[in-house]
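This report refers to the structure that appears directly beneath it.
These values consider heavy atoms only, across backbone and side chains, with no hydrogens, waters or symmetry-generated copies.
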Number of protein chains: 2
Amino acid sequence: MERLSADESWREDCAPRRVLELFATKWTSMVLHTLHARHAGCARTGVLQRSLPGISKKMLTQTLRDMEASGLLTRHVAGTVPPAVEYRLTPLGGRFVEPVEILYAWGRANADALDDLKPRPTSRR
Amino acid sequence: MERLSADESWREDCAPRRVLELFATKWTSMVLHTLHARHAGCARTGVLQRSLPGISKKMLTQTLRDMEASGLLTRHVAGTVPPAVEYRLTPLGGRFVEPVEILYAWGRANADALDDLKPRPTSRR
DNA sequence: CAGCATCCGGAATGATACTG
DNA sequence: CAGTATCATTCCGGATGCTG
């Protein structure tokens with residue numbers, strides 16, 4: 001074996017690895033997918049929270065801020081009477097939707113196989 | 001907004017979410033990708049460790065065991081003089097390579113954009 | 001409504017050393 | 001070579017309460 005192709009390695013700090021880090025945080029990909037698939041790439045905090053069963057206000061805010069820092073979305077503060085903040089996908093965020101969608105679809109397509117290995121109620125993390 | 005498509009939701013315990021959990025563990029996807037791209041789907045422990053810069057023996061073993069439990073690969077113990085253990089991708093594991101490859105490729109394709117937001121030496125996680 | 005400040009239990013990762 | 005056993009550390013993610 002050892003058919004070293006082009007550069008199929010995993011040096012630390014390589015781009016692919018930074019992509020994986022985006023998935024390391026529990027909600028990132030779900031927020032991204034929801035923002036795109038259910039809200040056309042733009043939504044407010046409350047709406048997002050309602051679209052994501054189980055997420056807490058804290059984690060939602062934290063995730064959104066991290067994603068903003070990662071350049072996946074932008075944050076727009078509107079009026080100030082009742083704070084209205086909107087989050088919108090950036091071009092990078094928009095492109096990142098694609099891989100996420102693929103993962104999502106793969107999950108659905110392989111739901112059966114995944115069910116078999118389901119015996120992990122108190123799953124990791 | 002609110003263009004609720006087919007079933008683009010994230011109910012807890014849905015298949016897509018269980019897929020994401022596979023990425024929650026740091027090394028899973030890297031082991032999978034390495035096993036496929038560099039070792040044709042079958043390799044021994046030591047070889048894998050040498051192919052994954054930075055992984056510890058402990059984490060490698062743990063990751064491999066988890067992946068075995070998840071049905072992504074099988075474990076074959078050969079002789080016993082010097083223990084020789086081989087890990088081989090299962091059909092499910094083989095199918096899972098596809099999405100992982102896509103993420104990998106996406107990272108390479110968007111390396112520039114990812115580099116811009118790189119100012120995170122002591123990155124998250 | 002949006003967000004921040006804290007406190008906290010537990011999980012994930014890692015360094016090191018030992019066994020067969 | 002493969003794996004296990006400790007010990008230490010990081011920090012994720014949930015709960016709760018407060019601010020404007």
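- For B:Thr45, a side-chain nitrogen or oxygen approaches OP1 or OP2 of D:dG3 to under 4.0 Å.
- In this structure, B:Arg17 places its CZ atom 13 Å from C1' of D:dG13, rounding to the nearest Å.
- When distances run from any side-chain atom of B:Met59 to the nucleotides D:dG3, C:dG14, C:dA2, the shortest one goes to C:dG14.
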### Task
Carefully, step by step, assess B:Phe23 and B:Val100 under the rule side-chain contact (heavy atoms from CB on, under 4.5 Å).
CA-CA 10 Å; B:Phe23 287 92; B:Val100 173; 4.1 Å; yes
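- In this structure, A:Glu86 atom CD and C:dA2 atom C1' are separated by 13 Å, rounded to whole Å.
- Rounded to whole Å, atom C1' of C:dC1 lies 12 Å from atom CG of A:Leu60.
- Comparing atom distances between the B:Arg65 side chain and each of C:dG3, D:dG3, C:dG14 picks out D:dG3 as nearest.
- Whole-Å rounding puts the B:Lys57 NZ to C:dT13 P distance at 19 Å.
- Atom pair A:Met30:CE and D:dC12:P shows a separation of 15 Å (rounding to whole Å applied).
- Between B:Arg17 and B:Arg11 there is no side-chain heavy-atom pair separated by less than 4.5 Å.
- Applying the 4.0 Å criterion to OP1 and OP2 of C:dC1, one finds that A:Arg44 has every side-chain N and O outside that range.
- D:dA2 atom P lies 15 Å from atom NE2 of B:His76, rounded to whole Å.
- With contacts defined as side-chain heavy-atom distances shorter than 4.5 Å, the pair B:Leu48/B:Ile55 does not qualify.
- For the pair B:Arg75 and D:dA2, the criterion of a side-chain N or O lying under 4.0 Å from OP1 or OP2 is not met.
- Atom CG in B:Asp66 sits about 15 Å away from atom C1' in D:dG3, given to the nearest Å.
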### Message
With side-chain contact (heavy atoms from CB on, under 4.5 Å) as the criterion, how do A:Tyr87 and A:Val31 come out once you've worked through the C-alpha distance, each side chain's angles and the decisive distance to 0.1 Å?
### Response
CA-CA 11 Å; A:Tyr87 293 93; A:Val31 167; over 6 Å; no
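- Listed pair B:Lys58 / D:dT6 fails the phosphate criterion, with no side-chain N or O lying under 4.0 Å from OP1 or OP2.
- Taking the nucleotide of DNA chain D with the nearest heavy atom to each of A:Pro83 and A:Ile55, the more 5' of the two is matched to A:Ile55.
- At most 12 non-hydrogen atoms from other residues, nucleotides or ligands lie less than 6.0 angstrom from CZ of A:Arg88.
- Positionally, the nearest nucleotide of DNA chain D for A:Gln62 lies more toward the 5' end than for the other of A:Gln62 and A:Pro82.
- Atom-to-atom, CG of A:Leu64 to C1' of C:dG3 comes out at 11 Å; the value is rounded to the nearest Å.
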